[in-house]
2 protein chains.
Amino acid sequence: MLSNTCKYGIRAVIYLAVNQIEGKKIGIKKISEELTLPAPFLGKILQMLAKKKMLASTKGPNGGFSLAKDAEDITLFDIVEAIDGTDVFEQCMIGLKICEDDKSKEEKCPFHEKSSVVRTKFYNAFKQQTVKDFSTGIKNADEILTF
Amino acid sequence: MLSNTCKYGIRAVIYLAVNQIEGKKIGIKKISEELTLPAPFLGKILQMLAKKKMLASTKGPNGGFSLAKDAEDITLFDIVEAIDGTDVFEQCMIGLKICEDDKSKEEKCPFHEKSSVVRTKFYNAFKQQTVKDFSTGIKNADEILTF
DNA sequence: AAAATTTCGTACAATATTGTCTTAAATATA
DNA sequence: TATATTTAAGACAATATTGTACGAAATTTT
Ligand code: FES
Ligand code: FES
């Protein structure tokens with residue numbers, strides 16, 4: 001479904017939203033320990049997101065990462081788009097030829113209608129769910145975010 | 001979403017259903033040429049499906065593969081299960097900790113309800129769609145199955 | 001029975017994904 | 001200014017996925 005890289009990114013961004021303190025940054029080491037995932041790899045992922053202006057980073061002591069915008073303005077879709085791209089929302093789920101909704105019905109496969117309904121719901125779920133939904137909804141973040 | 005291996009498998013099984021002739025087999029070479037995918041790799045995939053009794057195979061001249069049961073008794077789910085396994089239908093879409101529906105609501109994440117609705121629809125779509133639906137619904141199989 | 005065809009099974013190879021390491025750059029503190 | 005800390009960047013390494021090659025086994029045709 002989503003790559004591990006992307007899942008790590010999602011967990012990290014949620015972690016930042018849940019634990020953010022106005023004006024402070026959180027370091028890679030801290031995040032990677034809490035989420036029990038490899039620090040250097042996490043670094044790369046967060047760098048990606050920083051480049052896309054979803055996160056802000058500062059170097060040096062007390063440096064680290066923080067959300068670059070309001071948690072309510074970051075959706076799951078945004079994170080997936082930044083890391084895995086949008087293929088998962090667009091491509092044919094079963095790998096058949098062109099799977100586009102704007103084709104005449106004759107050209108579509110028998111699975112097409114059901115398939116596109118599911119894919120739309122999938123897309124909407126990711127587009128609607130903001131990071132803020134997690135930070136307000138999660139009490140025991142550790143239980144949910146860690147492994 | 002699904003592995004390439006699995007998508008190849010789905011296309012091949014649909015191809016077999018569309019082109020099957022009572023009592024005849026279709027060879028790997030023929031299938032791989034029509035679907036423009038690597039013959040040796042396709043062989044492996046079809047062997048997997050043969051082992052799971054979804055396909056029947058015979059060696060020698062005029063040998064090849066055929067469906068081992070009625071097309072209406074093979075669902076997309078069955079093919080995915082045989083090749084990729086059922087993780088895609090069961091695991092948390094965003095990689096959070098245990099994502100099981102039978103937990104008390106307090107333990108679930110804020111995305112859980114939406115997520116499991118989508119996943120159920122995804123599951124149902126694959127579980128309901130049979131290979132026969134494709135063989136009856138596809139007129140121009142080449143256009144849809146090939147690249 | 002011999003030869004030809006085609007799957008089966010395993011081992012091998014290429015590529016993509018995932019993960020690690022090292023050095024440089026930036027920032028804070030002493 | 002010097003030192004410690006921490007991200008940035010890119011090279012490197014391990015693993016998983018995808019793809020190939022080849023000999024063996026089975027079946028048909030000659
Ligand atoms: S071509 Fe993708 S579902 Fe029809
Ligand atoms: S834990 Fe998977 S959606 Fe809630």
Side-chain angles (χ1 to χ4, degrees), chain A residues 1-13 15-16 23-68 80 82-85 87-88 95 147, chain B residues 1-13 16 23-68 80 82-85 87-88 91 95 147:
Chain A
M1 189 76 86
L2 303 178
S3 68
N4 285 334
T5 308
C6 190
K7 290 177 182 174
Y8 293 169
I10 289 172
R11 282 167 61 207
V13 172
Y15 179 89
L16 284 171
K24 293 216 170 185
K25 306 280 184 183
I26 305 179
I28 288 176
K29 193 187 289 181
K30 170 87 171 162
I31 303 172
S32 66
E33 278 169 6
E34 297 263 357
L35 302 186
T36 58
L37 50 87
F41 194 43
L42 175 64
K44 267 191 171 174
I45 299 168
L46 297 187
Q47 280 164 35
M48 270 195 260
L49 297 177
K51 242 182 224 164
K52 307 238 177 185
K53 310 292 182 193
M54 183 178 297
L55 302 182
S57 70
T58 57
K59 299 176 179 178
N62 305 317
F65 292 87
S66 64
L67 300 185
V80 174
I83 299 177
D84 275 357
D87 279 4
V88 70
F147 287 85
Chain B
M1 189 77 84
L2 304 178
S3 69
N4 284 334
T5 307
C6 190
K7 290 177 182 175
Y8 293 170
I10 290 171
R11 282 166 62 206
V13 172
L16 283 171
K24 292 217 171 182
K25 307 280 183 184
I26 306 179
I28 289 175
K29 193 188 290 180
K30 169 88 171 163
I31 302 172
S32 65
E33 278 169 5
E34 296 263 357
L35 302 186
T36 57
L37 50 86
F41 194 43
L42 176 64
K44 266 190 170 175
I45 300 169
L46 298 187
Q47 280 165 34
M48 271 196 259
L49 297 177
K51 241 181 224 163
K52 309 239 177 185
K53 311 291 182 193
M54 183 179 296
L55 302 182
S57 70
T58 57
K59 299 176 180 178
N62 305 318
F65 293 87
S66 64
L67 300 185
V80 174
I83 298 177
D84 276 356
D87 279 3
V88 70
Q91 282 186 354
F147 289 86

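Note that the coordinates shown come from a computational prediction; the quantities given were computed from them, not determined experimentally. So that the names make sense, note that chain A is the first sequence line, chain B the second, and so on, each numbered from 1.
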Integer-rounded Å distance: [N] [atom2] and [X] [atom1]:
| X | N | atom1 | atom2 | value |
| --- | --- | --- | --- | --- |
| B:Q47 | C:dA11 | CD | P | 14 Å |
| A:I26 | D:dT7 | CD1 | P | 11 Å |
| B:I45 | C:dT7 | CD1 | P | 14 Å |
| A:K29 | D:dA4 | NZ | P | 15 Å |
| B:I83 | D:dT18 | CD1 | C1' | 13 Å |

I need a per-nucleotide contact map over nucleotides 21-30 of chain C, read 5' to 3'. Cutoff is protein heavy atoms under 4.0 Å; write B for the base, S for backbone only, - otherwise. B---BBBSS-
Please give me every residue in residues 1-10 of chain B whose heavy atoms get under 4.0 Å of an atom in DNA chain D, ordered by residue number. B:S3, B:N4, B:T5, B:Y8
Carboxylate-amine/guanidinium proximity below 4.0 Å for B:E33 and B:K29: no
How would you label the contact of [X] with the nucleic acid (heavy atoms, under 4.0 Å): base, sugar-phosphate, or nothing?
| X | result |
| --- | --- |
| A:K30 | nothing |
| A:I28 | sugar-phosphate |
| B:G27 | sugar-phosphate |

B:I31 side chain reached by B:L46 side chain, heavy atoms, under 4.5 Å: yes
Among B:I28, B:L49, B:I26, exactly one meets side chain to side chain contact (heavy atoms under 4.5 Å, CB included) together with B:F65. Which residue is that? B:I28
